[in-house]
Protein chains: 2
Amino acid sequence: MATTRVDEAADEAPVSRVQRKRDRRIQEILTTAAELFGERGYDAVSLEDVAERLDVTKGSLYYYFPSKDQLGISAVETLGNRWTARLEELLAGLDGPVHDRLRGLIGEHISIAVRDYPAGLRMFLVPQDWPEQQRAVIKELRQRHDRLFRELIDEGVAAGDFTVTGVDAALRCMHASMSQSAVWFAGLEGQRLERAIAELTDTLMMLVGVMPGAGTAPDQA
Amino acid sequence: MATTRVDEAADEAPVSRVQRKRDRRIQEILTTAAELFGERGYDAVSLEDVAERLDVTKGSLYYYFPSKDQLGISAVETLGNRWTARLEELLAGLDGPVHDRLRGLIGEHISIAVRDYPAGLRMFLVPQDWPEQQRAVIKELRQRHDRLFRELIDEGVAAGDFTVTGVDAALRCMHASMSQSAVWFAGLEGQRLERAIAELTDTLMMLVGVMPGAGTAPDQA
DNA sequence: ACAAACTTTGACTCTCAGGTCAAGTTATGA
DNA sequence: TCATAACTTGACCTGAGAGTCAAAGTTTGT
């Protein structure tokens, strides 16, 4: 503990204990804010609401963020990063035939979305509801998600597993449905939720030309 | 023109000349309001905005509607009725194999939605954005649209034309995609819009198990 | 123990949008 | 032409929420 000022030298990450504490606080705020924005929409949530859930007062938030919009942008960014990271991680951990990986990715995407990020989805639905600056962030997020799916689909198409025609439209439908799922499935739990997700997954798999019950290899033609 | 007071007797429709004028005014207001709500969302539109576009002042609106919410409900209702009526009419005018009719319905639905009712779609996306009372109206509207599609699909399934599994999920995806199309295709025009709609239609047809290029009867198995 | 840095508070201002209304304008019908 | 009903106006009230800030409270390093 005899650190006189060692960290002063390290020029990469934010370092000092006080800095870390500040960062943690900021994360707390962002998480809570994202939660609320997701529940009720950006406009409908006041900073007083956010403050209340954090058990502080509005003024505190302004100590960390210069405006509601800035808080909104950061919240969206953080949420998006966590979400995407989780998907990327999941995908990295998957192996086997493309069909199975895609199925896993779709299912998990919906599952994560509904369970953990109903918040995040709302922003995909009507980007215009968010202030100008957020839209850029949202757009980028969307593209990252898009890429994950597209790469997998391309792989499947190259391998001859999928018969998808019109990848763009298919991807759009997938995203639309997955986003909407947060609205549709809100309130469902346990078995019923499982089943709803499974059914939606099957349907979406159809969009890339792979029937749900067809097994791994289509050797019945 | 020698009407002394003939209409006083008719007890069904709203009658007097003054009444009809009033009704026309109300329709104007509702149309404009729905337009604006659709463009920017219910919350983001102030009555002053609505009044401005109508070239009157806010006070006038309160002469016809007791509150913003009531105006909102009526706007949603009117819009929904016109939209559904148009779809029903369209469907009634279609004939030929189920496949073609469904394709026509989907294409027109998207086309109408994007071109004439970008307004109306927004409310399907996140019903929670609307006040409690509107949601009932929205839900009913959704069910009416749902029924149109479902009946057609059921007919196709009965006839053995479609291989759809999980009608609910498929319908959900269709609605999600059609609603989102108003967001995706906003700004597109002419050829590009045509093509986008066509591609989306093809993709959605796939959801009910009918490949776009497969012709009317699947006699190639 | 204590000063400096960091954090939180709550009372304040400002603006904007919903809603009211008395007074004015315009249309209707006899 | 004129009384009456229909409509419109604009000034006003109100509450809510964004944003500010001096002062008070807490943590930190020495």
Side-chain angles (χ1 to χ4, degrees), chain A residues 1-8 14-30 32-33 36-37 40-75 130-134, chain B residues 1-8 14-29 32-33 36-37 40-75 129-134:
Chain A
M1 281 291 187
T3 53
T4 21
R5 214 170 281 174
V6 189
D7 32 48
E8 207 80 350
V15 267
S16 72
R17 207 143 77 78
V18 112
Q19 256 294 347
R20 281 198 304 277
K21 195 176 161 195
R22 182 190 170 87
D23 285 352
R24 236 177 300 132
R25 195 80 236 260
I26 289 179
Q27 288 305 315
E28 264 181 82
I29 295 174
L30 290 175
T32 304
L36 276 164
F37 290 151
R40 309 212 297 271
Y42 182 73
D43 282 345
V45 172
S46 74
L47 289 190
E48 215 112 34
D49 293 335
V50 178
E52 196 187 355
R53 189 170 292 191
L54 281 161
D55 257 317
V56 293
T57 54
K58 193 172 50 160
S60 273
L61 301 181
Y62 280 95
Y63 179 71
Y64 295 101
F65 299 92
S67 68
K68 187 187 177 185
D69 276 12
Q70 198 47 59
L71 170 57
I73 293 171
S74 301
W130 300 76
E132 191 64 45
Q133 279 181 84
Q134 261 103 322
Chain B
M1 279 294 185
T3 54
T4 23
R5 213 171 282 175
V6 190
D7 31 48
E8 205 80 350
V15 268
S16 73
R17 206 144 76 78
V18 116
Q19 255 295 347
R20 281 199 304 276
K21 194 177 162 195
R22 180 189 172 88
D23 284 352
R24 236 178 300 130
R25 195 80 236 260
I26 288 179
Q27 287 305 316
E28 263 182 83
I29 295 174
T32 304
L36 276 163
F37 291 152
R40 308 213 297 271
Y42 182 74
D43 282 346
V45 172
S46 75
L47 288 190
E48 217 111 33
D49 294 334
V50 178
E52 196 187 354
R53 189 169 291 191
L54 282 161
D55 256 316
V56 293
T57 54
K58 194 171 49 159
S60 272
L61 302 181
Y62 279 95
Y63 180 72
Y64 296 101
F65 299 93
S67 68
K68 186 187 179 186
D69 275 11
Q70 197 49 57
L71 170 57
I73 292 172
S74 299
D129 281 353
W130 300 75
E132 190 64 44
Q133 278 180 86
Q134 260 103 322

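Model, not experiment: these values are computed from the prediction. Proteins come first, then strands; the chains are lettered A, B, ... in the order of their sequence lines, and each starts at number 1.
Here the closest non-hydrogen pair linking A/Leu30 and A/Ser74 is CD2-CB, 3.5 Å. Nearest approach of A/Asp43 to A/Lys68, heavy atoms of both residues: O-NZ, 3.9 Å. When all heavy atoms of A/Leu71 and A/Ala33 are compared, the pair lying nearest together is CD1-CB, 4.2 Å. Between B/Val45 and B/Leu36, the shortest heavy-atom contact is CG2-O, 3.4 Å.
Counted within 6.0 Å of CD on A/Glu52, heavy atoms from surrounding residues, nucleotides or ligands total 12 or fewer; the atom is thus considered open. Dense packing is recorded around CD of B/Gln27, with more than 12 heavy atoms of other residues, nucleotides or ligands lying under 6.0 Å away.
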Can you name the atoms? Protein N/O to nucleotides 24-26 of chain C N/O, anything below 3.5 Å, with the distance.
none

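A/Lys21 comes within 4.0 angstrom of sugar-phosphate atoms only, judged by non-hydrogen atoms across all strands, and of no base.
Residue B/Arg25 places at least one side-chain N or O under 4.0 Å from the OP1 or OP2 atom of D/dT8. Not one side-chain nitrogen or oxygen of B/Arg17 sits closer than 4.0 Å to the OP1 or OP2 atom of C/dA27. Look at A/Arg22 and you won't find any side-chain N or O under 4.0 angstrom from OP1 or OP2 of C/dC6.
The structure places CZ of B/Arg24 at 7.5 Å from CZ of B/Arg20, a figure rounded to the nearest 0.5 Å. Distance OG/A/Ser67 to CG/A/Leu47: 8.5 Å, rounded to 0.5 Å. To the nearest 0.5 Å, the span separating OH on A/Tyr64 from CG on A/Asp23 amounts to 10.0 Å.
Across the protein-nucleic acid pair, A/Leu47 atom CG and C/dT15 atom P stand 18 Å apart, rounded to whole Å. Going from atom CZ of B/Arg20 over to atom C1' of D/dA6 covers 16 Å, rounded to whole Å. Across the protein-nucleic acid pair, A/Gln19 atom CD and C/dA5 atom C1' stand 13 Å apart, rounded to whole Å. The interatomic distance linking B/Leu71 (CG) with C/dG19 (C1') rounds to 13 Å, in whole Å. Residue B/Arg40 contributes atom CZ, which lies 14 Å from atom P of C/dC16 at whole-angstrom precision. We find that CG of A/Asp43 is positioned 11 Å from P of C/dA17, with the value rounded to whole Å. Here the C1' atom of nucleotide D/dC7 and the CZ atom of B/Arg24 are 15 Å apart, to the nearest Å.
Interface remark: the B/Lys58 side chain does form a donor-acceptor pair with the C/dG18 base, using a distance-only criterion of under 3.5 Å.
Between B/Arg22 and B/Tyr63, the closest side-chain pair of non-hydrogen atoms falls below 4.5 Å. Counting only heavy atoms from C-beta outward, the side chains of B/Ile29 and B/Val56 never approach each other to under 4.5 Å. Within the 4.5 Å cutoff, no side-chain heavy atoms of B/Phe37 are placed close to those of B/Asp49.
Sorted by residue number, the members of residues 60-70 of chain B with any non-hydrogen atom under 4.0 Å from DNA chain D read B/Ser60, B/Tyr63, B/Tyr64. Of the residues in residues 49-57 of chain B, not one places a heavy atom less than 4.0 Å from an atom of DNA chain C.
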